[in-house]
*Asks:* 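The structure is given below, and queries will be raised subsequently.
Just so it is clear, the values below take in all heavy atoms, side chains as well, and ignore hydrogens, waters and symmetry mates. One is the number of the first residue; the rest follow in order along the sequence. Atoms within each ligand, like the ligands themselves, are counted from 1 in listed order.
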Amino acid sequence: MSETGIVIDGVTKRFGTFTAVDDLHITFADGETACLLGPSGCGKTTLMRMIAGLETPSEGRIIIDGTDVTRMRPRRRNIGMVFQYPVMYPTLTVRENIALPLKRDASLSAAERAKRVDEVLEVIDMAGRAGAFIDELDSGSRQKVAVGRSVARQTKVVLFDEPTTNVEVNAKLTLIRTFKEISRRLRQTAVYVTHDQTEAMTLADKIALMKDGRIIQYDSPATLYRQPSTEFGGWFLGNPGMNFIPVTHTTRGLESPLLAAPVPAPDRLGSGALRVGIRPEQLQAGIEPFEGSVKAEVEDCIVGIAGQLLVRLKVADETVKLKTGKLPGLRNHDTIHVAFPNEHLQLFEDGNRVEERG
Ligand SMILES: Nc1ncnc2c1ncn2[C@@H]1O[C@H](COP(=O)(O)OP(=O)(O)OP(=O)(O)O)[C@@H](O)[C@H]1O
Ligand SMILES: [Mg+2]
């Protein structure tokens, strides 16, 4: 049997001499929600546009549920899409906007169409406003209608490109819940682009982390967060991202002025640059010295949401970020003591994760 879901098979997209998407191989599994996450310009929209058929790959194939759609016209691909600025018809009501894509579907009777629209209105929680004109809605509700319209046809595949960018934060949460609910109910294969890692963590079954037209890692949100395959991944995810501390490989293990004792080194190591990564929330910190601690100077301190302190420290000659709920009243230039617990250290060589011994 041929593979279901969306298979991106060696896809490259060049604009002139510039390569926007570079030999991508990835499968978005049937019925799952995948998020594309990565810095601006890394090729997310270009990939989405190729899946939708709005852009043709320079090389490679795109296969949806076993059918090669690489050269197929967008209409025939049967894909639902929501983009950042959806086209809406202000002179039509909410109900009419959602019903619009169903007009082309000759297989549905008028009654079936009406029923489908009712279902969508219920899912997006807009049944009470079905008669309202688009002009009368706030941006969050308008995006909800756009989502409703894109799912009304119940296509197997839906693409979302930063659909919540222009939506105010509370409405954003409602929208995200709506996406989840809809794709679960309709068992849709969804690809969702976002800049917002919290959004990606909340929504995604799997996250594809992209950089420079390539996929850096494709994993569950938890794995991506806990075991980034690269320093880039550790740095990009997290708020703020991972700390990296250069270490030297000696006969005693991995050493650094920041570590009170050498850390055991894995068996096989190359001759590349070695750094250990640790998340700001994984540091231990105290006012008094403690077992395994080293001295640190507070350079800058800000109170984050939920009362957590975000602290920039100078430790030996390195800048280190600490996130803690334990040291209220900390001030710039204070001296504190921190430790980097062994069990949280992750080793990278030339930016790539060194797997632990099995
Ligand atoms: N039609 C085009 N012609 C030339 N270059 C393009 C074209 N479309 C995209 N690019 C370039 O390809 C690269 C990837 O663009 P893309 O829009 O896919 O990035 P993105 O990851 O979606 O970024 P953002 O997060 O800012 O939306 C960018 O450098 C962009 O300038
Ligand atoms: Mg984009």
Side-chain angles (χ1 to χ4, degrees), residues 6-28 33-62 64 69-74 77 79-88 139 142-143 146-147 150 157-169 172 175-176 179 189-204 206-219 221 224 228-241:
I6 308 169
V7 179
I8 309 295
D9 179 23
V11 167
T12 294
K13 179 66 185 181
R14 282 181 289 265
F15 295 108
T17 56
F18 178 76
T19 305
V21 167
D22 193 3
D23 192 25
L24 279 198
H25 292 266
I26 189 168
T27 298
F28 301 112
T33 298
C35 280
L36 303 183
L37 193 63
S40 189
C42 71
K44 305 180 293 292
T45 295
T46 306
L47 175 58
M48 297 286 265
R49 288 175 58 81
M50 288 191 287
I51 297 171
L54 304 172
E55 222 47 274
T56 310
S58 311
E59 278 165 45
R61 298 184 308 159
I62 295 172
I64 299 179
V69 300
T70 317
R71 315 261 147 209
M72 196 184 274
R73 286 204 315 274
R77 296 189 188 199
I79 288 176
M81 281 180 268
V82 188
F83 290 118
Q84 207 167 326
Y85 304 96
V87 180
M88 297 291 250
S139 65
R142 239 178 259 183
Q143 283 295 69
V147 171
S150 72
V157 172
V158 278
L159 304 177
F160 298 97
D161 196 349
E162 311 216 30
T164 64
T165 310
N166 303 299
V167 178
E168 136 318 285
V169 67
K172 209 170 179 171
L175 253 186
I176 291 171
F179 291 141
T189 307
V191 186
Y192 189 109
V193 173
T194 175
H195 263 106
D196 182 338
Q197 47 175 291
T198 312
E199 202 167 287
M201 293 301 232
T202 315
L203 263 175
K206 283 177 100 176
I207 296 177
L209 179 64
M210 289 183 71
K211 182 177 183 251
D212 300 334
R214 291 172 173 267
I215 306 270
I216 302 291
Q217 188 170 2
Y218 187 40
D219 263 317
L224 202 69
S229 64
T230 60
E231 287 186 3
F232 170 75
W235 167 81
F236 192 81
L237 261 90
N239 191 11

*Asks:* Using the ring of each side chain (for Trp, its six-membered ring), is Tyr192 parallel, tilted or perpendicular to Phe179, with breaks at 30° and 60°?
*Replies:*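 Judged by the thresholds at 30° and 60°, the geometry between Tyr192 and Phe179 is perpendicular.
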*Asks:* Is there any N or O on Gly43 that sits under 3.5 Å from an N or O of ligand 1?
*Replies:*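 Yes: some nitrogen or oxygen of Gly43 is under 3.5 Å from one in ligand 1.
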*Asks:* If you draw a 6.0 Å radius around CZ in Arg214, do more than 12 non-hydrogen atoms from other residues or ligands fall strictly inside?
*Replies:*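 Counting neighbours around CZ of Arg214, 12 or fewer heavy atoms of other residues, nucleotides or ligands fall under 6.0 Å, so no.
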*Asks:* Determine, considering heavy atoms only, which of Thr19, Leu37, Thr46 sits nearest to atom 15 (O) of ligand 1.
*Replies:*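 Result: the heavy atom closest to atom 15 (O) of ligand 1 is in Thr46.
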*Asks:* Could you list the atoms of ligand 1 found under 4.0 angstrom from a heavy atom of Thr45?
*Replies:*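 In order of numbering, the contacting atoms are 17 (O), 18 (O), 20 (P), 22 (O), 27 (O).
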*Asks:* Please report the closest heavy-atom contact between Met50 and Ile62, naming both atoms and the distance.
*Replies:*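 Nearest heavy atoms, Met50 then Ile62: O-CD1, 3.5 Å.
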*Asks:* Considering non-hydrogen atoms only, spot the tightest contact between Pro221 and Met201 and give its length.
*Replies:*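 Pro221 and Met201 have their closest heavy atoms at CB-SD, 3.5 Å.
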*Asks:* Tell me which one of Gly41, Gly213, Gly38 gets a heavy atom nearest to atom 19 (O) of ligand 1.
*Replies:*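 When every heavy atom of Gly41, Gly213, Gly38 is considered, Gly41 comes closest to atom 19 (O) of ligand 1.
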*Asks:* Taking only non-hydrogen atoms of His195, do any sit less than 4.0 angstrom from ligand 1?
*Replies:*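 Contact present.
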*Asks:* State, to 0.1 Å, how close Thr164 and Lys172 come at their nearest heavy-atom pair, and which atoms those are.
*Replies:*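 Here Thr164 and Lys172 meet closest at OG1-CE, 3.3 Å.
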*Asks:* I need the nearest protein heavy-atom contact for atom 9 (C) of ligand 1: residue, atom name and distance, please.
*Replies:*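 Residue, atom and distance for the closest contact: Phe15 CE1, 3.5 Å.
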*Asks:* Is there a nitrogen or oxygen of Ala20 sitting under 3.5 Å from a nitrogen or oxygen of ligand 1?
*Replies:*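 No; the residue has no nitrogen or oxygen that sits under 3.5 Å from a nitrogen or oxygen of the ligand.
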*Asks:* Val82 and Pro163: which non-hydrogen atoms are nearest, and at how many Å?
*Replies:*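 Looking at all heavy atoms of both residues, the shortest contact is CG1-CB, 3.9 Å.
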*Asks:* Can you check whether a protein heavy atom sits less than 4.0 angstrom from atom 6 (C) of ligand 1?
*Replies:*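 So atom 6 (C) of ligand 1 has protein heavy-atom neighbours under 4.0 Å.
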*Asks:* If you count the atoms of ligand 1 from 1 in the order shown, which ones are under 4.0 Å from a heavy atom of Cys42?
*Replies:*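 Checking each atom against Cys42, I get 19 (O), 21 (O).
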*Asks:* Sort by chain and number the protein N/O/S atoms found under 2.8 Å from the Mg ion (ligand 2).
*Replies:*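 Protein N/O/S atoms under 2.8 Å of the Mg ion (ligand 2): Thr45 OG1.
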*Asks:* Quick one: does atom 25 (O) of ligand 1 have a protein heavy atom under 4.0 Å from it?
*Replies:*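 Yes.
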